Student: 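Questions regarding the structure given below will be posed in turn.
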Amino acid sequence: MRRIVLTGVVALCCCSAAQAAVLAHPGAPVTAGPRVFEQLQAYPRTLVELDRVRGAQASAELRRAGGTLIEPSLELWRLPSWNAQRLLPGLERRGLVRTVTPDVPLGTDPGHASGFLGQFVDPLSPYEWWPSHIGVTDWVAPGAGFPVTMIDSGVDLSHEEFLGRPSTIPLNTQTFTANDEELHGTATASVVGAPVNGKGIVGIYPQAKLQLWDASPDGQLTVGDEIAGLAAARRHGPGVINLSLGGFDRLPIEEHAILNAFGAGQLVVASAGNDREQGSDLSYPASFAHVLTIGATDESDRVTVFSSASPDMDLAAPGQDIEAAIPTLFDPDGYASVDGTSFSAPLVSGAAAAVWTLRPTLTNTQLFEVMRRSARDVGKAGWDVDTGYGILDVPSALTRKPPTADPEEPNEDVYLVRPNGLTRAGKTPLTAQHRPRATITASLERHEDPEDVYRVYLPAKGKIVVTVRPNANLDLELWGKRTTTVFEHGKLARRDLLGVSAHAGAKFERITLKGRGTGQFVYADVFLPKSGTQVSYKLSVAPAAR
């Protein structure tokens, strides 16, 4: 068995804002132009997101041009860039295109970098130092339940850890090449689900339902293949998605796909990155909201020298000197010692799926909070950029009291809730013409969920009263039907902002709004002021007393 240090920072091929041709605001129409479209030729394939309503008009043209619909709910197509350059100017003039993004490559970001009781009985288990650090030395994991979907390079299904393994479901064809990064998928999957079979190692959740998506079918991870994997996981129902990959560019279409998966009930886990010694630049998808962001710790429970610091860090897990399976193509022994946040994330993903299986009534928003709030605090007291709330603690996650479920997520802005925004249907309105009253309990948190936007019905005549009762300071605004984002300012805000309530402290906020002659949906925006960190609240909508 050899030791492998998979070098390199998290590496999504960087491109300029013009090259990406993505939206400044995800709900706005695309405007690009010939120079931008010319720059697509730097990439073999292009991702085209069509308008939710009228985009179907372009489907036949894209298909004839070699396009493939890879995410139907987002109307996202992938086609050869040469054909994209030819088609896009005309489609844009017809208002059929929402975003255009080159299918940029992703890196796997694996970084640099005694015997056990219970399930840890396989030959290499004595070298697996991490179980005692996350509280599972006498852990007996449950049978297959909520799945873990690994979106990564392909897994070697002929390896002794996967050959004949129950509950192992390839969601597409698994491939790998002699490129060192192609051993990554086998390694991360083994950290989750290597079985108790008398061979090699044992994963944190040996009986896990393991769903495998090869996001590098041509030997190179791309954002398009990542998004296709997210769509495949979403189609298979709620579960945990592991993303031990990423890049430095914030791509709106990647964010759309992440939020779409979270809104469908998935828990998304991502490695924070291995860029600590180069300055810890923000990495995506780890830095997107509603993603459980994972750092790496060593045998002394200290943050590793490679694990990126992040303002979005949620918790950490062991990520140095991790025993993992690798294809025998790379080493006849089939095992290696590996480093990186890429291997911390699968420990959290496997643990989260096991906890969810044992606590099946939790929603994904509750599980998100249970996993990070139950972490064992290390380093600086409280939350910090190195380890978030601390190190993964499985026994505590099994007993931690969950918060109240946070409904309607993701709902941080108008495009996430209105029809033909993120999704065709949008979010169900809190109230409607024949359903004038509603009450909802929800929460806000500074890093992951600082804003909640809801659609409410304003009748043609009469008044409605929107009231928020919080346990800490928050503010309330009501926005009109023409609002594109609750972050409008200047002339647009003067046109669309209908009411504001912003008392200090935990006082209730209330706005009364009069009908405007025609029935319409408006937007209630509940958000944290600059000084707020976390708050729970109850929002109610009702007709005003006459």
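Not measured: the values here are computed from a predicted model.
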Student: Quick check for you: to the nearest 0.5 Å, what is the distance between D281 atom CG and D249 atom CG?
Tutor: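 One gets 11.0 Å once the value is rounded to the nearest 0.5 Å.
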
Student: Hydrogens and angles aside, do N172 and Q174 bring a side-chain donor and acceptor to less than 3.5 Å of each other?
Tutor: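 Yes, a side-chain donor-acceptor pair sits under 3.5 Å.
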
Student: Keeping R359 on the side-chain end and L367 on the backbone end, is there a donor-acceptor pair under 3.5 Å?
Tutor: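 Judged by distance alone, no pair lies under 3.5 Å.
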
Student: Are side-chain heavy atoms of L347 and I294 found at a separation under 4.5 Å?
Tutor: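 No, side chains not in contact.
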
Student: Shortest non-hydrogen contact from D449 to D452?
Tutor: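 Here D449 and D452 meet closest at OD1-OD1, 3.1 Å.
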
Student: Please test Y127 against S337 for side chain to side chain donor-acceptor pair (under 3.5 Å), starting from the C-alpha separation and ending with a verdict.
Tutor: CA-CA 9 Å; Y127 299 99; S337 179; over 6 Å; no

Student: How far does CG of L76 sit from CD1 of I70, to the nearest 0.5 angstrom?
Tutor: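 So the CG of L76 and the CD1 of I70 are separated by 4.5 Å.
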
Student: Working to the nearest 0.5 Å, report the span between CG of L210 and CG of L212.
Tutor: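 L210 CG to L212 CG: 4.5 Å, rounded to 0.5 Å.
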
Student: With salt bridge (Lys or Arg N to Asp or Glu O under 4.0 Å) as the criterion, how do R234 and E71 come out once you've worked through the C-alpha distance, each side chain's angles and the decisive distance to 0.1 Å?
Tutor: CA-CA 10 Å; R234 184 176 53 78; E71 172 47 304; 2.8 Å; yes

Student: To the nearest 0.5 Å, how far apart are NZ in K530 and CZ in R446?
Tutor: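 With rounding to 0.5 Å, NZ (K530) is 10.0 Å from CZ (R446).
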
Student: Does a side chain donor of either T222 or D103 reach within less than 3.5 Å of an acceptor in the other side chain?
Tutor: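 Judged by distance alone, the side chains do pair up.
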
Student: Should E448 and R372 count as side-chain neighbours, where that means a heavy-atom distance under 4.5 Å?
Tutor: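 Touching, per the 4.5 Å side-chain cut-off.
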
Student: Using a distance-only test with no angle check, is there a side-chain donor-acceptor pair under 3.5 angstrom linking D214 and S216?
Tutor: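 Yes, S216 and D214 have a side-chain donor paired with an acceptor closer than 3.5 Å.
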
Student: Report yes or no: do T341 and S307 form a side-chain donor-acceptor pair below 3.5 Å?
Tutor: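 Side-chain D/A pair, T341 to S307: absent.
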
Student: Tell me if a side-chain donor or acceptor on R376 pairs with a main-chain N or O of G135 at a distance below 3.5 Å.
Tutor: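 Not at all, since once roles are kept as given, no pair shorter than 3.5 Å links the two residues.
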
Student: Shortest non-hydrogen contact from T533 to L528?
Tutor: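 T533 and L528 have their closest heavy atoms at O-CD1, 3.8 Å.
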
Student: Please round to the nearest 0.5 Å and tell me the distance separating atom CG of L292 and atom CE of M313.
Tutor: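 The distance works out to 11.0 Å.
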
Student: Please check if any side-chain donor atom of S342 sits under 3.5 Å from a side-chain acceptor atom of H184, or the reverse.
Tutor: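 Yes, a side-chain donor-acceptor pair sits under 3.5 Å.
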
Student: Please check this pair: side chain of S271 against backbone of A345, looking for a donor-acceptor N/O pair closer than 3.5 Å.
Tutor: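 Between the backbone of A345 and the side chain of S271 there is no qualifying donor-acceptor contact (under 3.5 Å).
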
Student: Ignoring hydrogens and angles, tell me if any N or O in the side chain of E161 forms a donor-acceptor pair with the backbone of I201 under 3.5 Å.
Tutor: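 Between the backbone of I201 and the side chain of E161 there is a qualifying donor-acceptor contact (under 3.5 Å).
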
Student: Shortest non-hydrogen contact from P410 to L259?
Tutor: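 Heavy atoms of P410 and L259 come nearest at CG-O, 3.6 Å.
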
Student: Is it true that a side-chain atom of Q220 and a backbone atom of L106 form a donor plus acceptor pair closer than 3.5 Å?
Tutor: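 Judged by distance alone, yes, a pair lies under 3.5 Å.
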
Student: Does S132 use its side chain to pair, donor to acceptor, with the backbone of T137 at less than 3.5 Å?
Tutor: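 Flag not set: sc S132 to bb T137 has no pair under 3.5 Å.
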
Student: Look at the rings of H447 and W383 and say which category their plane angle falls in: under 30° parallel, 30 to 60° tilted, over 60° perpendicular.
Tutor: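 It falls in the parallel class, under 30°.
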
Student: Is it true that D225 and R78 make a salt bridge, defined as a side-chain N closer than 4.0 Å to a carboxylate O?
Tutor: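 Yes, this pair counts.
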
Student: Indicate yes or no for a side-chain donor-acceptor contact from D122 to the backbone of S125 under 3.5 Å, with no hydrogens or angles considered.
Tutor: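 No.
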
Student: How are the rings of Y415 and H256 set to each other: parallel, tilted or perpendicular (split at 30° and 60°)?
Tutor: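 Tilted.
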
Student: Keeping the roles fixed (side chain from D377, backbone from G382), state whether a donor-acceptor pair exists under 3.5 Å.
Tutor: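 Indeed, once roles are kept as given, a pair shorter than 3.5 Å links the two residues.
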
Student: Heavy atoms only: give me the nearest E182-S153 pair and the separation to one decimal.
Tutor: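 Closest approach of E182 to S153, heavy atoms only: OE2-CB, 3.4 Å.
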
Student: Could you tell me how the ring of F288 sits relative to the ring of Y284: parallel (under 30°), tilted (30 to 60°) or perpendicular (over 60°)?
Tutor: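 Rings of F288 and Y284: tilted, as their planes differ by 30° to 60°.
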
Student: Quiz question: by atom type and distance under 3.5 Å, do the side chains of S73 and N260 form a donor-acceptor pair?
Tutor: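 Yes, side-chain donor-acceptor contact under 3.5 Å.
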
Student: Where is the tightest heavy-atom contact between R373 and Q534, given as atom of each residue plus distance?
Tutor: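 What the structure gives for the nearest pair is NH2-OE1, 3.0 Å.
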
Student: Should H159 and Y335 be marked as a ring pair (Phe, Tyr, Trp, His ring centres under 6.0 Å) after you check the CA-CA gap, both sets of side-chain angles, and the distance that decides it?
Tutor: CA-CA 10 Å; H159 193 285; Y335 297 91; 5.2 Å; yes

Student: Within a strict 4.5 Å, meaning less than it, do heavy atoms of the V535 and N471 side chains meet?
Tutor: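 Counting from C-beta outward, V535 and N471 do come under 4.5 Å.
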
Student: So, for D321 and W129, which heavy atoms are closest and what is the spacing to 0.1 Å?
Tutor: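 Closest heavy-atom pair between D321 and W129: O-NE1, 3.1 Å.
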
Student: Is K380 paired with D386 through a side-chain N to carboxylate O contact shorter than 4.0 Å?
Tutor: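 No, this pair does not count.
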
Student: Do you see a donor-acceptor pair shorter than 3.5 Å between the side chains of T293 and D312?
Tutor: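 Per modelled atom types, T293 and D312 side chains form no pair under 3.5 Å.
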
Student: For W130 together with F120, are the ring centres under 6.0 Å from each other?
Tutor: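 Yes; W130 has its ring centre under 6.0 Å from that of F120.
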
Student: Under 4.5 Å between any side-chain heavy atoms of F146 and L267, yes or no?
Tutor: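 Sidechains of L267 and F146: no contact.
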
Student: Under 3.5 Å, is there a donor-acceptor pair between the side chain of W213 and the main chain of L230?
Tutor: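 Pair absent, no side-chain N/O of W213 close to backbone of L230.
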
Student: Donor-acceptor pair, S344 side chain versus P318 backbone, under 3.5 Å?
Tutor: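 Here the side-chain-to-backbone pair exists.
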
Student: Tell me yes or no: between the side chains of T365 and T363, is some donor less than 3.5 Å from an acceptor?
Tutor: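 Yes - a donor-acceptor pair under 3.5 Å links their side chains.
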
Student: Please report the interatomic distance OG(S396) to CD1(I391), rounded to the nearest 0.5 Å.
Tutor: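 Atom-to-atom, S396:OG and I391:CD1 are 12.0 Å apart.
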
